[in-house]
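In what follows, a single structure is set out as structure tokens and then discussed.
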Amino acid sequence: MVWLQKLFTKTNNDNSSNANDDNKDWVSLDPDKFGNTQIYFSTHEEIDLYELEELCDSVGWARRPLRKVRKALEHSYLVVSAWEIRGNKKAMIGFARATSDHAFNATIWDVVIHPRFQNKGLGKVLMQYMIRKLRSDDISNVTLFADPQVVEFYRRLGFILDPEGIKGMFWYPD
Ligand SMILES: CC(C)(COP(=O)(O)OP(=O)(O)OC[C@H]1O[C@@H](n2cnc3c(N)ncnc32)[C@H](O)[C@@H]1OP(=O)(O)O)[C@@H](O)C(=O)NCCC(=O)NCCS
């Protein structure tokens, strides 16, 4: 069982210097699953593109030109990263971002949890965190494009496939 400590408040039961940082939302973790690992989410943490690439590599995603990834991040409405703290080191173990018109619509992209942390409830909490952030900005239409093998993951979070028969359509260059 994983949950976010009082969603959006900082914690906590830890005495490290990180505990005073307002930009870190610490996740409560089941010690049976996570040992003494500490994890936080942030919308402000600087993203090292190489570290993000490694995370994407870890789940087998095709590489993308880093200059385009940088541009995509710069122009994203919301960028959330998940960090594991071990001693005085931190490592990015999760990521998601959303683009938006800032009023009605947002689309979530690049949702990833490092394989070492999958199936422990973190992806669910990460998605709930994204949705809470978007809802707190009064954005009510949240969409995403699901790979076939993760449709059920998103469905469990309340996402609906083809609502009222609406179909996602794509145009690709020849
Ligand atoms: C998809 C992903 C983000 C899920 O993260 P996760 O931390 O492993 O998921 P969780 O442990 O939070 O799972 C939450 C729930 O969804 C279920 N679930 C997780 N992955 C699932 C899958 N692929 N298919 C069906 N159900 C899934 C879990 O069993 C759990 O169910 P429960 O709430 O009934 O216990 C993660 O597996 C991942 O990074 N995959 C590779 C990248 C990817 O495919 N991203 C999505 C691109 S569209």
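For ligands, and for the atoms within them, numbers begin at 1 and follow the listed sequence. Every value quoted in this text rests on a predicted model; they were computed, and no experiment measured them. Here, residue 1 is the first one in the sequence, and each next residue gets the next number. Any value given below was found using the heavy atoms of this structure, including those in side chains, with hydrogens, waters and symmetry copies removed.
At distances below 3.5 Å, not a single donor-acceptor pair connects side-chain atoms of Thr43 with backbone N or O atoms of Val79. Here the side chain of Lys133 pairs no donor or acceptor atom with the backbone of Leu78 at under 3.5 angstrom.
Against a heavy-atom cut-off of under 4.0 Å, Val59 is close to the following atoms of ligand 1: 41 (C). Residue-ligand proximity, Gly121 to ligand 1, at heavy-atom distances under 4.0 Å covers atoms 10 (P), 11 (O), 12 (O). Interface of Val150 with ligand 1, defined as ligand atoms under 4.0 Å from a residue heavy atom, comprises 1 (C), 23 (N), 44 (O), 46 (C), 48 (S). Listed by number with element, the atoms of ligand 1 under 4.0 angstrom from any heavy atom of Asn119 are 6 (P), 7 (O), 8 (O), 11 (O). Set against the non-hydrogen atoms of Asp147, the atoms of ligand 1 under 4.0 Å away are 47 (C), 48 (S). Within the listing of ligand 1, atoms 11 (O) sit less than 4.0 angstrom from a heavy atom of Lys120. Close contacts of ligand 1 with Glu152, meaning ligand atoms under 4.0 Å from a residue heavy atom, involve 25 (C). Heavy-atom proximity to Phe145, at under 4.0 Å, picks out these atoms of ligand 1: 48 (S).
Minimum interatomic distance between Ile113 and Gly123 (heavy atoms only, all atoms of both residues): CG1-CA, 3.7 Å.
Crowding of Phe170 atom CZ: a count of heavy atoms from other residues, nucleotides or ligands under 6.0 Å exceeding 12. Within 6.0 Å of atom CD in Glu152, more than 12 heavy atoms from other residues, nucleotides or ligands are found, so the atom counts as buried in its surroundings. By the 6.0 Å contact criterion, CG on Asn88 is open, its count of non-hydrogen atoms from other residues, nucleotides or ligands being 12 or less.
Here the heavy atom of the protein found nearest to atom 21 (C) of ligand 1 is Phe153 CB, 3.8 Å. Of the protein's non-hydrogen atoms, Ile113 N, 2.8 Å is the one closest to atom 39 (O) of ligand 1. Scanning the protein heavy atoms around atom 42 (C) of ligand 1, the nearest turns out to be Trp61 CZ2, 3.5 Å. Given atom 33 (O) of ligand 1, the protein heavy atom at minimum distance is Lys124 NZ, 3.3 Å. Of the protein's heavy atoms, Arg156 NH1, 4.0 Å lies nearest to atom 17 (C) of ligand 1. Atom 38 (C) of ligand 1 has as its closest protein heavy atom Gln118 NE2, 3.3 Å. Counting protein heavy atoms only, atom 22 (C) of ligand 1 is closest to Gln149 O, 3.6 Å. Nearest protein heavy-atom contact of atom 3 (C) of ligand 1 is Val111 CG1, 3.9 Å.
Partners of Ser58 according to the side-chain hydrogen bond (donor to acceptor under 3.5 Å, both in side chains) rule, which considers only residues two or more places apart in sequence or in another chain, do not exist here. A search for side-chain hydrogen bond (donor to acceptor under 3.5 Å, both in side chains) contacts involving Arg64 returns Asp110, not counting sequence neighbours.
Salt bridge Lys71/Glu74: absent, no basic N to carboxylate O contact under 4.0 Å.
Expressed to the nearest 0.5 Å, how far CD of Glu54 lies from NE2 of His114 amounts to 8.5 Å. Distance NZ/Lys120 to CD1/Ile39: 8.0 Å, rounded to 0.5 Å.
A heavy-atom distance below 4.5 Å is found between the side chains of Phe159 and Ile131.
The presence of a protein heavy atom under 4.0 Å from atom 11 (O) of ligand 1 is confirmed.
Contact annotation: for Trp109 versus ligand 1, there are no heavy atoms closer than 4.0 Å.
At under 3.5 Å, a nitrogen or oxygen of Gly123, whether backbone or side chain, sits near a nitrogen or oxygen of ligand 1.
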